[in-house]
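Down below is the structure, laid out as structure tokens.
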Amino acid sequence: MIKKIILVLLFLPLLAMAEAQPMGDDPAVEERLKALSTELRCLVCQNQTLADSSAPLAEDLRREIRELIAKGMSDKEITDYLVVRYGDFVRYRPPVKSQTLLLWVGPTILLLAGLGGLWWALRKRNALLPDENDNEEGEEA
Amino acid sequence: MIPELGHFALILALLLSVAQAGFALTGAAGGNSAFMTVGISAARGQFIFTGIAFLCLGYAFYANDFSVLYVASNSNSALPLQYRLSAVWGGHEGSMLLWTTTLALWTMAVTIFSRHLPEVFRARLIGTMGLISIGFLAFILFSSNPFDRLIPAALDGRDLNPLLQDPGMVYHPPVLYMGYVGFSVAFGFAIAALLGGELTQEWARWTRTWTTVAWMFLTVGIAFGSKWAYYELGWGGWWFWDAVENASFMPWLVGTALIHSLAVTEKRDAFKLWTVLLAILAFSLSLLGTFLVRSGVLTSVHAFATDPRRGLFILVFLGLVVGGALILFAIRAPRVGLGGKFGMVSRESFLLTNNVIMIAAAGVVMLGTLYPLFLDALGMGKISVGPPYFDTVFVPVMVPAIFLMGLAIFARWKNAELPALMLRLKWAFAISVVTALLLPFVMGKWTPLIALGLLMALWIVTTAMVNLSDRLKKREAGRLKSFIGLPRAYQGMIVAHLGVAVFIVGVTMVKGYEVEKDMRMSPGDTANVGGYDFHFDGIKEEPGPNYMAARGHFTITRNGSPVAVMEPEKRMYTVQSMPMTEAAISEGFTNDLYVSLGEPVGEQAWAVRIYIKPFVQWIWAGCMMMAAGGFLALLDPRYRRRNKKTMEEGAA
Amino acid sequence: MKPMLKYLLPLAGFLILVGFFAAGLRLDPREVPSPLIGKPTPAFRLPVLNEAGKTFSPEDMRGQVWLLNVWASWCGACREEHPLLMEMSRSGALPLVGLDYKDTDADGAGVLTQAGNPYKVVATDVDGRVGIDYGVYGVPETYVIDKAGIIRYKQIGPITEESLRDKIMPLVKGLQ
């Protein structure tokens, strides 16, 4: 019995070797790299994120980000690091500044203005039209 | 010889489209029947010659005629036949010819299925479409001629971009264009109505059929494109908010609004001007999309070889067509009456609120897409607006629309009682909320977004079921028989709305629960991802027709029992020396397994990306259901009241 | 019938859009302008090509107006601008410093032997880190740096006759 156990224990390391290793060395770093690089734009293949691009510059920048993470920089600091060098263009999530205020507030304005406009138009319309009496049964659209 | 014939056919087509627009419109203005008939015949002739030109280009690709510059740039003798043929629309010039041929096809369909329309209206409709044809044919002939010769001829072609050598290339562009271009018919209806002044309920009924067909094609076309990106690009993405994707999504949103708005106009003779404006807007966005992709104004995965000169031509054309339509609108608008009255809370107002939200959503997409251009043009710097922005702002805009869907299907015309509605739906709401809150825990992860997505989907389903059971209760026959007996338009609405719910489930589950692992694997290694064991068996060299592939072999098991065998490839296409990864996907009802090979690392090992994508197929299944719903609605006999045979054929 | 003004709103909105598109036709959406203009040159110290033991730093160029030209032996477009660089070097207008980007010494030296060496000194950036500090995203790229070590202009892509004549030389003259 003991022999069998020893045999199994001897072979366990072999099983460990057959398990695939993740590409990156440190999973925590890779997680952060992924979170950061999916929001950054590759400057060479400009229609891909830094995470997905296989361009040499993208590989260099990913390596750079790994090093910055290892140095203990926060997500914001790393993003700022890249923005200092490449400008806001590198961010897929536009920063909130005076120039982008309209961009970020715009959707809410569009929706509220639309709904408000409709409400106002319906009110005006009902005031102008004569009353009708019958109340139809709702049918399909 | 054949290319010259094709070129000549295009010239004839241009002349015929001039005749089409000229005779039809002047005939309509003067009540001249003879002119109008000539215009219609010219339209048919234009279709024939445009078709001939298209076939000539197709032949040039089929026969590997590398003395044609466009063929040499986009094809190769080793290219498999189906891709040689779909390469016809692989580049700018050919895709413009596809656009124009599609327009000619719709024009021909209109000439056949519009005999029941009043003569003058019909002439104006076809004349307007003729004006569009003139623009495109002129553009092709003067700046984007696919038949230009290459002298001396190339020995072999430069090959089609490997990313395009895929079945998706065969289906996606033609179906998508049928949708885009189909909105030109709605546009034509709008212009004809403005010119003649007859914005009637009948007009709405006619327009609705044509718009629904175009909308169906666009829905399916976009779904094809998304699915194609998913398995072709190698990282399992299916929507990137890329400029060109947005360019197809905006007309879709407006088209959806248009279908619903036409329902109001048809039923209550109301909001006619708004509907007309939407019809103009939908097609304008189609033209805008054409401009954006080819002008070099925005970067995009799909951008064709950009040339500002061509961009200027399209911009001028866009300006004339849309500007002209809007001027006509402004002039004729004050004449149009208000129509039937309805309450602030009514089926009509719900439908119109849907409209407003759809338009706001389209506006949001446009804002994000064009904002970098706005800032750059004003010298205010260069930014990028990508998925993080759109994902953040788009969902909150759509959520009200989804909630409205549940209420609106119960609302009566003219006046609906909101308290009664809410009472009727309190159980549906309760069930949806509770399930949405609890289900994520069962699945293993709870986030607000997942719960919200599930809530929206469940809300649509539960309210649809309540509505359905209400309607079935009124009939005596058994459940299934009753459903079949219900009006087609109603069935269509239920199916389409359920399609939206299915779509939302797909998006929510994939985004909420997908798993991605980057692994370094040597033959014999096993990776455990998401409960599945991926065993890397090895790599083999496999030659293809015009590429060399390294094909990986993976055996996937779950708890010991076999699930799938997957063979992703890393290909090197010989002509352009372009590497490409061909992911292996094991599709499933509740899960897709996705394996893609990266680069070789070290002696035997490879970088392998493994994804588990839950419910991803529901995304496209939902889109197909939406289109199916549209199709059902088309089959409704109400549309056949006056024109039985023609509408039947039109629906197919 | 006089059109009521509100019905002209869609047209007005459309015309504004067209205006932006027309402006957009003249712009290049792919070009990434440098945020370093007006900022001091990022510091570095790199080995010099073909001079073992020697290093270069931007500090060495203080007090002069100079050009930092990022190039590589594998870059085709760099060959296009090379004759212009040779001319500039011959005319002695201002010193040129080369930054051999992601290259091997052997390849870089080979190009200079073959095509001529317009540079006062060439620093080698083998792993591209200095390039990242300078916001390099393609080669060739060129920076005009003033006496105080502030970056004044960045040329993206090869230097052309026009850009040399209309932008670079006037700026250099003004700074000297």
Side-chain angles (χ1 to χ4, degrees), chain A residues 33 36-37 40-50 53-71 73 77-92 94-95 97 99-100 102-103 106 109-110 113-114 116-118 120-121 124-125 128, chain C residues 4 6-7 9-10 13 16-17 20 27-44 46 58 68 70-77 99-104 107 124-141 143 150-151 153-154 156-157:
Chain A
L33 172 65
L36 276 166
S37 57
L40 294 168
R41 189 172 194 173
C42 173
L43 296 136
V44 177
C45 306
Q46 293 183 349
N47 294 295
Q48 288 183 282
T49 61
L50 206 56
S53 173
S54 50
L57 180 62
E59 280 168 19
D60 289 348
L61 287 172
R62 285 195 294 266
R63 178 196 64 205
E64 192 82 6
I65 295 177
R66 280 198 186 96
E67 289 173 11
L68 297 178
I69 294 175
K71 278 200 204 133
M73 286 172 80
E77 286 170 334
I78 295 175
T79 310
D80 287 343
Y81 180 94
L82 289 171
V83 170
V84 161
R85 286 151 179 75
Y86 289 100
D88 284 323
F89 186 83
V90 77
R91 301 185 61 179
Y92 261 135
K97 329 155 97 155
Q99 295 104 308
T100 59
L102 184 59
L103 177 67
I109 295 181
L110 278 172
L118 177 67
W120 179 83
K124 222 174 74 137
R125 193 173 186 279
L128 287 173
Chain C
M4 298 216 285
K6 73 172 178 192
Y7 294 119
L9 275 179
I16 295 176
L17 265 183
F20 275 107
L27 300 168
D28 181 0
R30 294 192 58 88
E31 194 183 81
V32 185
S34 176
L36 294 172
I37 311 260
K39 302 239 170 55
T41 54
F44 64 86
L46 287 176
L68 180 66
V70 184
W71 63 280
S73 65
W74 44 264
C75 156
L99 186 67
D100 193 4
Y101 178 73
K102 300 198 71 172
D103 213 349
T104 65
D107 290 334
T124 53
D125 183 16
V126 177
D127 54 17
R129 278 172 208 274
V130 171
I132 290 179
D133 279 340
Y134 276 76
V136 170
Y137 69 96
V139 270
E141 289 180 4
Y143 300 82
I150 309 281
I151 298 179
Y153 175 75
K154 178 179 179 182
I156 297 168

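Just the heavy atoms: all of them, side chains too, but no hydrogens, waters or symmetry mates, feed the values below. So that the names make sense, note that chain A is the first sequence line, chain B the second, and so on, each numbered from 1. Small disclaimer: the values here were computed from a predicted structure and weren't measured.
Taking both residues in full, the closest heavy atoms of A:L36 and A:I69 are given as CD1-CD1, 4.4 Å, listed atom of the first, atom of the second, then distance. When all heavy atoms are compared, the tightest approach of C:D100 to C:S73 is OD1-N, 4.4 Å. What you find for C:L99 and C:L46 is that their closest heavy atoms are CD1-CD1, 3.7 Å. Nearest heavy atom pair, residue A:G87 against residue C:P35, reads N-CG, 3.3 Å.
Salt bridge A:R63/A:D60: present, at least one basic N to carboxylate O contact under 4.0 Å.
A:D88 contributes atom CG, which lies 8.0 Å from atom OG1 of A:T100 (distance to the nearest 0.5 angstrom).
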Practice item. Check the pair A:L61, A:V90 against side-chain contact (heavy atoms from CB on, under 4.5 Å), reporting the backbone distance first and the verdict last. Key: CA-CA 11 Å; A:L61 287 172; A:V90 77; 5.6 Å; no
Exercise for review: Evaluate side-chain hydrogen bond (donor to acceptor under 3.5 Å, both in side chains) for C:Y134 paired with C:E141, printing each intermediate quantity in order.
Suggested key: CA-CA 10 Å; C:Y134 276 76; C:E141 289 180 4; over 6 Å; no
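Contacts of A:V83 with chain C are made by backbone atoms alone, with heavy-atom separations under 4.5 Å and no side-chain atom involved. Both the backbone and the side chain of A:Y86 come within contact range of chain C, judged by heavy atoms closer than 4.5 Å. Contacts of C:K39 with chain A are absent, with no heavy-atom separation under 4.5 Å from either backbone or side chain. In this structure, chain C has a heavy atom under 4.5 Å from the side chain of A:E67, while its backbone stays farther away. For a residue to count as touching a neighbouring chain, one of its non-hydrogen atoms must lie under 4.5 Å from one of that chain's; by this rule C:P42 does not touch chain A.
Counting heavy atoms from C-beta outward, C:Y143 and C:V136 have side chains that approach closer than 4.5 Å.
At a heavy-atom separation below 4.5 angstrom, chain C is approached by A:L43, A:V44, A:Q46 within residues 43-50 of chain A.
When each of C:R30, C:K102, C:R129 is checked for heavy-atom pairs under 4.5 Å with chain A, C:R30 comes out on top.
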